Participant: 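The structure under discussion is supplied below as structure tokens; questions concerning it will follow.
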Amino acid sequence: MANIQKATSGSSSDEVPAPYINNRANPPKKAPRKTNKSGNTTPSLYSKSAGQTPQKKSSGHSSTLQFRGLSRKEVTEKSELDTRILTDVASVINHAQPRDPKLAERASQIFEAVAARVEKCLDEANRLSTAGNIQQSDCTDADGNLSPASAALAALPWTQPATYKQKKPFESERQIYAHMSAFILLVAHYAKQEIPAAQRDTDECRLILPFEKTDINPSDADDDTRADLILRTRRAGHKVKLQPNPSYAGTFCVAEIKSNSSTKSLNDARIQLFDYSRNIYANQHDRRFVWGLTCCGESVSAYIISNYRAYSSPAIDITDATKRREFIRLLVGWSLCRKGQLGLDETIVPCPDIQCQAIHVPSGSDPEVPVLYYWTDVIMVADKLFGRHCRCFLATPNRPEVPVSVENPVVPSVVIKDSWTICGTSEEDDENSGLEADLAPETLVNSGEVCSEINILDKINGVLGSNTEYNGLYPTLLNGGWVRQPSHTGKVLDCAREILFGLDDEQKRRTPFYFHVRYAMEPIGEPLNTARSASELIVVLCDAMRCHKAISDECSILHRDISDNNILVVRNDSGVHGLLIDFDCALDRSAGKPHGRPERTGTLPFMSIGNLTNSDIPRTMLDDWESLLYLVCWYGTFGISNNCEDWNCRHHISQWCIGYEEEIADQKRSDLSTIGGFYNRTVSGFGKHDSNIGDGERLNTLAVHLHKYMFFNPRFGAALSIPCHGTQIHRKEKDEYDNGIGLVNDPENTKEPSKPIDPFEMRVKEEQTISQDLLTVLQHHAKQARKELQVAK
């Protein structure tokens, strides 16, 4: 098995032996880029992974703005940052407290005892202290045991700055690292003493401990950013001390620290915290949401970073003993709450005896009774900060009889897909689609109002299942449904309302109602970049788009995300064929179903112009065919199996995934505006970077034909002024005008100019005709490609 590496199941305690995880989609890879801390370097925006799929790109590319769930605007503009963060959410600290009433009461008692002992220790240290810097090593004795008195002394410059700094601000954020670590260790020391001895070696209780190294780039980071302070969990019986060897796989949360509490410092801290949290999602395959901290001077805020929003607590003044209690309550709550409240998925569990992991998938016959699958291979990671957080695992329903290893791997038979489905927000869709809706989660799910890929696949299988022509060209659903997490009241639907409780009405209104879905399907395919020649690539693309049109015509379902991630190569005894996957963004266009404003969906380099501009023009099959054209151009330019990292310096189409969406749309309009210009600027360079393409002639001709029949279809004539032609808005009678000065035959300018014509809107009326022509073109090329493959055998 390729790239086998040890990994824990999230940030749970490490006393349980870690299973083997074959993280095919997330190999350790550093992608240097420009950050506030890591120097001025140029980003490498795109790289291909060689694992099986369904998969997105490895997170080696996702350190760039377009691939981490944030656009350039979201990172650089405060107004966009504000759209993702809900601030001063009073309930954030409460989310860390046990929800079982009896445990909550016990946690409250432990918190009061810990807070009192911490304050007493700080007061004693304050009376006995003398000026001077105290290092982290001063907190422990020669045997590594924590000295509470020393830890309190080390924390004083942060908690009671008048003692050492005469209330002067910190000159550097580095000065805060040791002080904050010491305070967290002090809380952990007293929390351990209050936790009953019988519970210290179980998963019920834990300690929150900082890593010894600060300002560190963890070994499994996919970029070169440096996290200020990283916290992890250990069982409560563990020694209270600084932890070695930080990694994102073992991280519970990251604290981003600034020397002062200015607005700029706070915004910078939030942006960097987002980046670190994305790395946590990418490396922890059981992570449902992420906790985080910002510390700006002596002001601390806690964050819950969920799929679609981040929620920050009110700022905690760490120098005020009364307000400081909230930070202690947070740390104690983390130590005592369920693992699910830490953001972990309790339905993905390690199996240390057989060195793999088990995942619960809802049964197709009884969704509340899960089917157990076993896995080690991760082929898609959740490497974006916001969104569906889709993950895919290769798994088997058969429990391994011997411990899994390189020599005895899991033999997978299914793909497990795990993601989140959004119901909507009242700001964008139905007024009752946010968390303020009165419907209970179970009622909403059972009503059928929440549509997921499962619903789409059920419909496709029902309509096309008896048609052998399309067998194996789309996924077959075996088991699946809505995920239910264990709780103190029994199993509950894993959804936004269960995760985010205690929000006020405005916060609920701005929070999407989303649900956790998981399912098992077949067949298993390989990524598109494993095609061995241009001929194989064309055959696979043709199968996928043939299936695409059948699904649209017969099931009224539009895929809406044609990309290199979502078309797979399947090899069997009959040869090679394509597989169209990932219907997360699909739209059911059946009569009577609401459509609403078109949603911007897709994968950035392959998104259609209408999608990029978020146009009001309805999305059709033509948007997906346009995406296919971009996909052909991409592989023709950069190669099928090209892993080169400096691609962005070699061709102008690299601009298809750089910048604002509107800028990319303008670039594509220009690239596609004429037949000659498209050939000269885009197609003429095919085949230069991949021997599998040969001289590029096969993809060259295909791209030219697809472009012609998409944007200049000869059915509708040859003149550029024909409404269906081109990519630019034009006027039907523009030849009658003299450059806008006046009409040649109307000197008094009495004739009104014609209305602007948008060719994209005009082509919607000819959707069926143009899409059939495009499929005919592709089938013609695929027929020739199959002949070449037969000759090559």
Side-chain angles (χ1 to χ4, degrees), residues 35-37 74-93 96 115 118-119 122 126 133-134 154-184 186-187 208 210 214-215 225-231 253-277 290-305 309-331 507:
T35 70
N36 289 341
K37 295 185 179 183
E74 287 176 306
V75 171
T76 59
E77 295 185 11
K78 178 180 181 299
S79 60
E80 289 296 323
L81 184 64
D82 288 345
T83 65
R84 287 293 189 180
I85 297 182
L86 300 185
T87 58
D88 296 323
V89 179
S91 61
V92 166
I93 307 298
V118 167
E119 291 305 322
L122 288 174
N126 194 27
N133 291 325
I134 302 175
L156 278 182
W158 187 51
T159 61
Q160 289 153 300
T163 301
Y164 286 119
K165 303 189 294 94
Q166 290 76 47
K167 297 185 179 180
K168 292 181 181 178
F170 290 106
E171 295 179 359
S172 168
E173 63 188 51
R174 292 178 179 273
Q175 295 175 291
I176 303 176
Y177 297 166
H179 309 319
M180 188 173 183
S181 292
F183 184 83
I184 294 171
L186 186 63
V187 173
I208 309 299
T214 56
D215 189 24
T225 54
R226 305 179 69 85
D228 290 339
L229 183 63
I230 303 178
L231 306 180
C253 84
V254 174
E256 175 58 26
I257 300 173
K258 299 296 179 185
S259 61
N260 62 76
S261 58
S262 67
T263 300
K264 182 181 184 305
S265 293
L266 179 58
N267 286 334
D268 287 347
R270 287 170 172 171
I271 291 171
Q272 289 171 256
L273 180 64
F274 279 6
D275 212 13
Y276 308 140
S277 299
V290 173
W291 283 92
L293 296 169
T294 57
C295 172
C296 297
E298 297 97 1
S299 178
V300 175
S301 293
Y303 296 78
I304 295 175
I305 303 171
R309 291 282 190 272
Y311 306 82
S312 74
S313 70
I316 300 169
D317 183 354
I318 212 71
T319 67
D320 185 311
T322 301
K323 297 177 180 178
R324 186 163 60 230
R325 283 168 53 88
E326 276 295 273
F327 187 46
I328 298 174
R329 189 164 77 95
L330 175 68
L331 295 172
Q507 292 159 357

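Here the structure is a predicted model, which means the values were calculated and not measured.
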Participant: Taking all atoms of both residues into account, what is the closest heavy-atom pair of K258 and I176, and its distance?
Facilitator: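 K258 and I176 have their closest heavy atoms at O-CD1, 3.5 Å.
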Participant: Looking at residues at least two apart in the chain, or sitting in another chain, which of them share a side-chain hydrogen bond (donor to acceptor under 3.5 Å, both in side chains) with S313?
Facilitator: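 Testing S313 for side-chain hydrogen bond (donor to acceptor under 3.5 Å, both in side chains), a comparison that skips the adjacent residues, returns none.
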Participant: Rounded to the nearest 0.5 Å, what's the gap from CG on N126 to CD on Q160? Could you check?
Facilitator: 4.5 Å
Participant: Over all heavy atoms of both residues, which pair between S259 and S172 is shortest? Give the atoms and the distance, please.
Facilitator: CB-C, 3.8 Å
Participant: Looking at CD of E298 and OG1 of T159, how far apart are the two atoms once the value is rounded to the nearest 0.5 Å?
Facilitator: 9.5 Å
Participant: With sequence neighbours excluded, what pairs up with S265 under the side-chain hydrogen bond (donor to acceptor under 3.5 Å, both in side chains) test?
Facilitator: N260, S262
Participant: Please determine which of H179, E173, Q175 meets the side-chain hydrogen bond (donor to acceptor under 3.5 Å, both in side chains) test together with Y177.
Facilitator: E173
Participant: If every non-hydrogen atom of S312 is compared with every non-hydrogen atom of V92, which pair is closest and at what distance?
Facilitator: C-CG2, 4.0 Å
Participant: Of the non-hydrogen atoms in R329 and I93, which two are nearest, and what is the gap between them?
Facilitator: NH2-CG2, 3.6 Å
Participant: What pair of heavy atoms forms the shortest contact from A182 to A155, and how long is it?
Facilitator: CB-N, 4.0 Å
Participant: Closest heavy-atom contact between I208 and L331?
Facilitator: CG1-O, 3.9 Å
Participant: How are the rings of W158 and F183 set relative to one another: parallel (under 30°), tilted (30 to 60°) or perpendicular (over 60°)?
Facilitator: perpendicular
Participant: State the SG-CZ distance between C295 and F170, to the nearest 0.5 angstrom.
Facilitator: 8.0 Å
Participant: Could you tell me whether the side chain of Y311 and the main chain of D88 form a donor-acceptor pair under 3.5 Å?
Facilitator: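 Side chain of Y311 to backbone of D88: no pair is present.
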Participant: Using 0.5 Å steps for rounding, measure from the CD1 atom of I318 to the NZ atom of K323.
Facilitator: 11.5 Å
Participant: State which residues pass side chain to side chain contact (heavy atoms under 4.5 Å, CB included) with T322; sequence neighbours excluded, sorted by chain then number.
Facilitator: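 T322: side chain to side chain contact (heavy atoms under 4.5 Å, CB included) contacts with D320.
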Participant: Say whether Y303 and T294, considering side chains only, have a donor N or O and an acceptor N or O under 3.5 Å apart.
Facilitator: yes
Participant: Would you mind checking if R325 and E119 are paired as a salt bridge, meaning a charged N to carboxylate O distance below 4.0 Å?
Facilitator: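 No, this pair does not count.
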